Structures are given as C-alpha cells and as structure tokens.
Amino acid sequence: MTEVLSPGTIEEAVAMLAEYGEAMPLSGGATLIAMRNAALVEPSHLVSLDRISDLRGIDRTADGKIRIGAMTRHCETAACAELTGSLYVLRRAAGMIANRVVRNMGTMGGSVANADPAADYLPALACCDAMLEIAGADGRRSLSIHDYIDDWYETALAEGEIITAITLPAPVEAPSTYRKIARVSGDYATASCAMALDPDGQGMRVAIGACGPGPLRDRAGEDALRGKLGEPAAVAEFAGKLVAIADPVDDVRGSAEYRLRLIPRLVSSVLSELTTQKETA
Amino acid sequence: MSLDQPEPIFLGGTVGKSVAKPDNLEKVQGRAEYIADLYRPGMLHGAILASPHAHARIRGYDLSEAMQAPGVVAIITGDDVGEGRMGAFIKDEHAIAKGKVLYVGEPVAAVAARTEEEARHACRLIKVDYEELPAVLSPEDGLAEDAPILHEQLADYIKVFDAGAEGNLCSRTELSEGDVDAAWAECDVIVEDEYTTQPQAHVSMEPCGALAEVDPNGRVTLWSANQSVFRVQANVCESLGLPMSKLRSMTPRVGAGFGNKMEPHIQPITVALAMKAKRPVKLILTREEDFEMVRARHPFRVRMKTGAKSDGTLVARECEVLVDCGAFADDSPGVMGYSLLMCGGPYRIPHMKASGKLVYTNKLRFGAFRGFGNPQVLFAGEQQIDQIGEKLGLDPFAIRRKNMLREGDQWFVGPRIGSNGLGRCLDAVERASKGSRADGSPRNFGLSVTAHISGLLGTGAIVKMLEDGTISLNTGATDIGQGSDTVLAQICAEELKLPFDTVAVASPDTDGSPYNWGTTASRVTYTTGRAVKAAAKKVVDQAMNHAAEMLECDVDDLELREGGRIGQRGSNSDVTFAQISGRAHWAVGGPLVGSETLVFDEPTHDPKRAIALGLPFPRIGVFSFAALGVDVDVDDTSGQVTVHEAWSAADVGRAINPRLVEVQLHGGFVQGLGYALYEEMVWDGARLANPSLMDYKVPTARDVPDAIHTYIIEDPDPTGPFGAKGAGEIGLNAAPGAIANAVAKATGARHVHLPLTGERVLAGMLDPGGPQD
C-alpha cells in the first residue's frame, strides 16, 4: 500500500523524498495516479505537494519576468491573461492539453517533471527560453529548459529533486502560437510546433515537440534565418536543420517518417499564420 | 428533426412517439446497477492471468506460491474445466486455455480471492510452464503450406456450420449468380483494386464482467454484461459440461454492447471459479484486459472488381475476401459469409461472384461488431461505384439511383426484399446537402448507400395482464442501452391501446423469459417486436372473450378502446381491463397470458438464381436501407480529415420511437467515423501495442461534426411490427465509404487502406497516384 504524505513546505517535501527512497512526489496526479493504478509504478510513499502554498500562483517578478508556480493547474495557465504576445504560445499549449478534466488537475511542474516528449509544455517552454527552479535536499538551483532533457524520459532532475517554479522572460509584443497535430482532440501530439516571432518580425524562435526525446530547437539556425522569413527557400533550409536533429519514433500515433514529413510543413504553416497576424496587427 | 423529415404517423397510441426511456433517470442519477454494482454475501473477487505467448503448449502449472498468497480461496486452470468446448459456429473454445494458448492475452488461469487486489497479486505468482510454438500472425501466413496449426483437433470439433474447415482454414464461402467471367466482356468500364481494413475495438463504456453464485444444490446463478442471457447460458453450459437447467443466466443494466457481449467473454471462467471456491465470485476486466481478451472487428483484405456499361448500368462485380479469424471461430464464419452476401450493395448487378476464406491466427478472436462485415466490403464497393460514375460523368446520386434495387427485387443470392425506401433516402440526403457551405465555400462531399438486414433466429414474448389490468411484458431481450425495453413496451402498449407506462418490462432471465437469441443483428425491434405484438394480440383476444360474456354480446360486436376498455360498438357500455382481469384471476377462465414464439424462416438462398456454398445464414431477415452524405475538411499541413457536416437518412420501415432511431443513426455514424479515420488496434509482433484509451483513440465530442442531420424514412415492411425494421447497425456501415469518397473529392487521391489517417491522406495529397501503405 502506498502512504500519502502532505508536507506544508518545500523543505519538508524534499526532506521526505530524501528520507523515503521509494517515495515519489505527487502534484496533480493526472499521469502518476493512472500509472499507479496500472501498476506501472509502485511507490512506497506519495509526497503530495498540494498543501505547499509556495508552489502556487502566477506572478510577475520585479524585473518583469513571469514566474509560474509548479503546482499551477493547466486550466489556470490556459486562462492566464499575463501570458500574452511572445508568451501566448504557452497559454495556448496549456489549453490544448488532454481534456478539461485533466486540465483541472494536471500541473505544469508535474508535466515538465514527467517529461513526456509528446506532451505540450516542453516545446512551448523551449520556445519561450524558460528557466526551471529546482529544489532538493541539497538546496535550490535553476536550470535552462534547454539543458533539462537528457534522453527519452530522462531529465536533469536528480533523485529527490522537485521543480518549484518555471520562470519566463517578460512578454514582448510579438505574435506566438502553438500548433498540435494529434489523432483526436485531447490526444498527445503526433508532432507539435511552438513558435514566436521576434518583435520586429524579422526572426523567430521555434521548438518542435514529439519528434525526439526533447523539444527540437536550433538557435543558430534561427539566427541565420533572421531577415529571411519571407524567403521560402531559406525557411525550408532552416526546417531541414530541424529535421536533421529530429529523432522520432514509430508509434501508434504515427510513423517516424510521417513526423519528419510534418516538421517542415508545421514550420511553414505556423510561420505563415504568425506572419499574417503580424501584418494585420 | 428537420423539415425534410416526413411527419411521423401517430396511431393515437405510443408508437411513433419519442417516449423517453424510463431508465434515463436512474442512469443520469448514477443509480442504475451494472455488474460492478452487484454484491452477494461472502462474495469473492476474481482476476485472470493472461498468456504472454501467442502460441504455446502448456506443460504444467505451479500454483503453490499463489495458493499461499493472502486472501486466495481458489485458482482454476485448464485442468479444472473438462473437455467441453463452445462456439456459435464451430465448437473450438474451452472455458479457459487448456493444453495450448492461442493468443497473447488469452486467459490461462484465474484466481478468486477476498479482494481484487489480492486476486491480481496472486495471479502474478502463478507459474506456467510453456513450450513456445511458432505463431501465425496473418491469414496469409496461416494458409502457408508449412504453417503451424492452431487447432490440431479441428476435424473432431462439433460444427454447427461446417464449411470446409481444414488446417488453419476455419471456413470458406462461395456465392455466385449470373456469369461473371463472361460478363466482363460486356463492360465498357471496369475498376479493380485491393483494399485492407483494420481491426477495431468495441470500446463499450462498461468493460466485460460477470458474477456467479452456486446454490447448495449445485445450481448456478450468473449475472453478466451480455447481449443475450441465452447465449451466455449455452456457452457456459457447453464449455463446462453443465445441463442448461443447472444454470440461470440474468443481466443487470448493460453499459453497451456492439457485438462484444453477444458470445462468451469471461462468464465460463467466473462460473468455474465460483464452483471451485464454493462462494460467489465477481470478475470484471480492466480496460486493458477488455481490449486484449474479448474480441474485435475483423481486419479484411478485399479484392474487388466492378464493371458497367457506358450508360452507367452495372453489369458485374467480383469480390474476394481474406479474413483474419483470430484464435477461435466465434461469429467469424457468419461475419465473412454475411459480408459476401452484402458485397454487391443495394444494387441490381446481374453477374456477381463473391468468395472468401477465413483463417485462424494467433490473435484474439475477431467477432461480431456493429455492421458485421458490411462496412469492410462497402469501403471498397462504394468507392468503386463513385469511380465508375467519375469515368462516365455521372454524379454519385445519379449512378446510385440508376442501379439501385427496387421493391420486389431479390437481393444477391435470393432473399426477398420487402419495403425499400432507398430512393427516398437518397432524395433526403441530396436535398439537404446540395449547394455550398454556409460561408459559400464548396463542399468536399462524399456519398455512400447501404442496406442491412434485421431478423435472424428465434425469439418470444409473454404478455401477462395483472389483476388490476396493467401489463407485464417478458421477452428475454437484453436492453444494452439502446432502448429496446422502451420500444417493445411501446409496441405492447399500442396493441393493447394502453398508456405506455402501464407496461412493465421484465429483466431477461433464462428461468422466466422466453428464448431470445440476442440483441444483435439489428433484430430486436423487428423480430421480438413481432412476437410482442402477437402475444399482446392474444391477450386482447382473451379479454374480448371475457368482455363478450360480461356484456352478454357477440365478440364481433366489441371494440378495443383507448385506456384498457372493451365496449360494444355503438354503445357507451364497456368493461375495463381491471374488471376483466379480476374476473379471469378469481372466477372464470384463469389469468390472461398471451405468448408467442417465432423464428425468422424466410429462405436466404434461391437455388434457381444463385449458387451458394458455405452460406452461414440460411434464413436471414428483411432489409433496411440508408444513404449517408458527408462533407469533409482535409488539413493542408497534416492531411488529417475532419467531418464538417453529415446527412444520414435511413429507411427503418417505421420508427416506433423516432428519437431512439436518431440516436442509433448518430451513434452509428460516430463509431463509423472513428473506424474510418483513426481507430486501429495495432500489433507489435504478437502483442497488442495499444490496449488502452491513451493509445487507442475513439472520437470525442470535439471530433464529430456539430451537425449530424438525420432523416427517418418510413417505408413500412409488411412483416414488421407496425411496419418497423431494424436501425441498430445501418448508421455505421456507410461511414468509411462515404468519408473515403469525400477525401477523394478533396485530395484527388483514392485510398485503399483504412483508417484514413492524416499520415495516409497526406501521402495521397503529395502523390495522388502513388503507391499506398
């Protein structure tokens, strides 16, 4: 039987995780409880983060950044008016996760910690250049989203560490969006694309989801593309670089070949949507 | 309801009215009782150990550790179940694997313990010694000369239907009329292709479950989620060697059955566990087990060729199918034979040849699923009709109208067609769908027509007038949520001219109900409805005789009046059902009971017109007809198809309850949409790769069009109760063909493989004439 513990502070939580080797942190439970019911995980203890008020809320920091507590529910992120312009991509991604029931329970910290490559937050956060705040028994640290994924379902989170918050740069006036290709509404992505234009409309940031262990982002390629968004050949060349770094799998949602085929189509289609938005803005 | 729908004809009673299902309230309140809600004193919980191998000999079991596990009371294996075998067509299936396992997921052992968790835990401690055998994973492999044989004793099995079973061949069917080989020379246009369709899971909201209890005399009471308490009784008794009188089969509410609960699932295992444990046992499958253990829609390989004259007149069609049976015959010989019977579609085609082979493989059994082989062949056939039309410049409506069967025609092989409202179905869909979308953009329109039988086999009804003149109706037909209890009560009330709510419908019970083959084959309204109407008529006749004596007049001078009264014509004097029934119960003649049993007995095969070998249903049913139009969107980026709008018109003879017919058309369309676009059970080697709702996707409310227009066409069948024919399956059949035709319109590419995933459609968009996989 699994025992559920309910710490009131981050320090208590990480201490409990360190004390019980077979313990797992429980945030919204949208994935973890289903996995436990299917006997895919059998933790001795679940350390519920539900009572820790420091993990909640979306705030704007003194320097204008947005700080999202790890226990923020998807439905709160999807409704957050602060997430505009260059950060709208994250709000949009949150609104496309699974279904309303899951969005009412699932949390950003839980989703990022689970690191499902086909889930929606990782590409959106990669597009936003997010930072992760992490706490463990040995103290706190922060980490760029770009250094977070090590391999399939493997992250830089050490045993006993939890994500406490996700920090985003201050939003700027620039269109951004998230596009997801999925078999049915609410499915995990077959492939997804998070994109934000630069405020001057000359460049873009783009992250592709579900086509490798983590989001695909080619920042050097983005730099090289600046000023050439209107040139289809240049955009195609850039998308080709994303295809080259992709490492998709064949699964029930689609073949690896299909995913490779989707990457350039997503890039050009989402780019054209954002460019149109920018022009009509 | 739409303007195009003809006004329903009211008879003054309840037939033709959308009476609300009486069980709606308890379901909305969460108070309806399903298997999961039933408990018996001292009840144990069961769990199943599934085979990890596709094909293996069982050398032995070591149950010692599992028996010592906490809470365990009994364990059964193949050693506990004797030699009995069950099966609707070929008796090839033990209650639980015995001697061999034939698919990954097949039940090998089962545990009864105090809690479900303890039972599941103990299952993991059971050790089975297997000798792995090479597996057959496709029908092609199964027919190979050196293929491993699944059923080594196939020749010795009892066969209710024997159609060439040999080696891994389970059955073969060959049907023909006219002279196809000579007819191709008469054709100006010929289209031919090879198609494949995928396995689809039923995904009933309620997984399969059963609860069994053995009384001190050894008689078994069994509650289970089923579509026929009588098929449950037969299957359990055949597989466990029990006389049928030793088993009482009942059903609580059923959370849908689309064919998956018609033949056995885990009822025999549950009974065997209860007999061994000597305590009541409840066993309910998890969603994953329900995917892996029960049954699914057959994957088909279809080679089809159709020819027509230059004016669009169809001349010939040839259809050859290769069907994956899975590990056990189950309903498969019926599904294959029925698909061939239906492969011509509702058209006049003078020269027809249809043949098929059904092959055992090491996969879960494929079996009955709403549509029963019809959607697979329609996916091929309805595309070919469009292709011929395209070549000849005939639009989809015109070519279908030109060739459709008319009333009085015979169906392929020979069955009589009663009423036929297909032309009116086409009219309704054409009228409603023509023109462009509301925003002025053009439609990507696709059309398919279909016919489906309703009928088959035995049924009965008992109508009892209670002392106060109200009615108890008992048919043994399981209401699986579709509302047959409501419809049958409407038919009964109409015949007796009573208000609907004076008729109580008894829950199916093999002890008290007359035989009913099952809630399947779109048959309950049509066949059971006939029995109900006739049984109610007998009660009316008996009441008339009483009334004649009570009113001292001739029976011929009497009339049945609304609200349960019988009176003299031209006079106000009458007697009530309560007065009549009181007299019958206490004084004269005995209580009023009307009963009727019948079996559908019109021949399928007309030997004067056709040759039929291996025809599974010698007496099949009457025909309902339907037309389905869809307007689709194809996403430029991904190739994904969404249905923008749909128009479904069905000739159901007479809608006893129009709302329930509309719901069948909606539900059938949505299930067909999932089948057409994304539902697919995928095997990774011998193991099902997606046995969960995370990986196997059915359409959600957000994936279906807001507008699914339904049109009820009423062309009453002379044999149906108040003219009614079946409506359960016809809404699904046409979906893959109509959607494939719409996708071809949108992309210019024809597709021969289901489902029409974004991946396939995108490949078609990028290379419309290219090879498909």
Side-chain angles (χ1 to χ4, degrees), chain A residues 1-2 30-31 33-40 42 95-96 98-102 114 116 118-119 177 179-193 195 208 210 239 248-273, chain B residues 47 70 115-118 120-121 123-124 198 201 203 286-289 291 635-643 670 673-674 677-684 687-704 755-767 773:
Chain A
M1 286 300 284
T2 306
T31 304
I33 296 300
M35 287 174 72
R36 187 189 164 273
N37 288 347
L40 294 173
E42 290 177 345
M96 292 173 80
N99 51 59
R100 203 170 278 268
V101 180
V102 168
N114 187 46
D116 191 314
T177 196
R179 176 88 65 88
K180 169 170 166 177
I181 307 295
R183 292 173 299 175
V184 297
S185 165
D187 192 10
Y188 280 93
T190 307
S192 65
C193 175
M195 189 184 287
I208 299 290
V249 292
D250 291 316
D251 66 18
V252 293
R253 295 194 278 269
S255 71
E257 192 189 343
Y258 181 50
R259 290 180 160 100
L260 293 177
R261 197 168 238 187
L262 286 176
I263 292 170
R265 300 179 74 81
L266 275 167
V267 169
S268 65
S269 155
V270 178
L271 177 60
S272 120
E273 179 188 333
Chain B
T115 68
E116 188 181 333
E117 202 161 14
E118 286 172 337
R120 291 195 182 280
H121 172 71
C123 276
R124 294 197 283 273
Q198 82 283 22
V203 198
T286 63
R287 178 61 65 187
E288 289 72 19
E289 290 168 337
F291 270 105
D635 180 56
D636 281 341
T637 306
S638 65
Q640 285 183 315
V641 178
T642 47
V643 179
V670 170
L673 178 150
L677 296 180
Y678 23 73
E679 291 188 45
E680 179 170 19
M681 297 169 81
V682 177
W683 270 264
D684 181 4
R687 181 176 293 276
L688 187 59
N690 56 344
S692 75
L693 290 174
M694 190 162 100
D695 291 324
Y696 183 97
K697 284 297 174 188
V698 295
T700 71
R702 302 195 54 185
D703 302 300
V704 301
L756 303 174
T757 57
E759 180 159 4
R760 286 198 171 116
V761 174
L762 180 62
M765 286 158 65
L766 298 175
D767 184 9
D773 41 43

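Fair warning: this is a prediction, and the values are worked out from it, not measured in the lab.
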Counting only non-hydrogen atoms closer than 4.5 Å, does [X] touch chain A with its backbone (N, CA, C, O), its side chain (CB onward), both, or neither?
| X | value |
| --- | --- |
| B/Ala701 | neither |
| B/Asp684 | neither |
| B/Glu117 | side chain |
| B/Leu677 | neither |
| B/Thr757 | neither |

Inset, instruction - Answer yes when A/Arg261 and A/Glu257 have at least one side-chain N-carboxylate O distance shorter than 4.0 Å, and no when they do not. - result: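 Between A/Glu257 and A/Arg261 there is no salt bridge, as every charged N stays at least 4.0 Å from the carboxylate O atoms.
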Legend entry - Electrostatic pair A/Arg183:B/Asp695 at N-O distance under 4.0 angstrom: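 B/Asp695 and A/Arg183: not salt-bridged.
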Inset, instruction - Would you kindly say whether A/Arg36 and A/Thr2 are connected by a side-chain donor-acceptor distance under 3.5 Å? - result: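 Looking only at side-chain atoms, A/Thr2 and A/Arg36 do form a donor-acceptor pair, the distance falling under 3.5 Å.
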Inset, instruction - Verify whether one side chain among A/Ser255 and B/Glu759 offers a donor that lies under 3.5 Å from an acceptor in the other. - result: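 Note: A/Ser255 and B/Glu759 side chains meet the donor-acceptor criterion.
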Taking [options] one by one, which has the highest count of heavy-atom pairs under 4.5 Å against chain A?
| options | value |
| --- | --- |
| B/Asn690, B/Val682, B/Asp635, B/Thr642 | B/Asn690 |
| B/Ala689, B/Gly758, B/Gly674 | B/Gly758 |
| B/Met694, B/Arg287, B/Arg702, B/Gln640 | B/Gln640 |

Inset, instruction - Please check if atom CZ in B/Arg120 has more than 12 non-hydrogen atoms from other residues, nucleotides or ligands closer than 6.0 Å. - result: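 Counting other residues, nucleotides and ligands, CZ of B/Arg120 exceeds 12 neighbours.
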Legend entry - Heavy atoms of other groups near B/Asp636 CG, more than 12 under 6.0 Å: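 No - once you tally the heavy atoms of other residues, nucleotides and ligands closer than 6.0 Å, there are 12 at most.
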Inset, instruction - Could you pull out the closest heavy-atom pair between B/Ala201 and B/Glu679, with the gap in Å? - result: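 Heavy-atom minimum between the residues: O-OE1, 3.8 Å.
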Inset, instruction - Could you tell me which non-hydrogen atom of B/Pro699 sits nearest to which non-hydrogen atom of B/Leu673, and how far apart they are? - result: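 For B/Pro699 and B/Leu673, the tightest heavy-atom pair comes out as CG-CD2, 4.0 Å.
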[X] portion near chain B, given a 4.5 angstrom heavy-atom threshold:
| X | value |
| --- | --- |
| A/Val184 | both |
| A/Ala182 | backbone |
| A/Thr190 | neither |

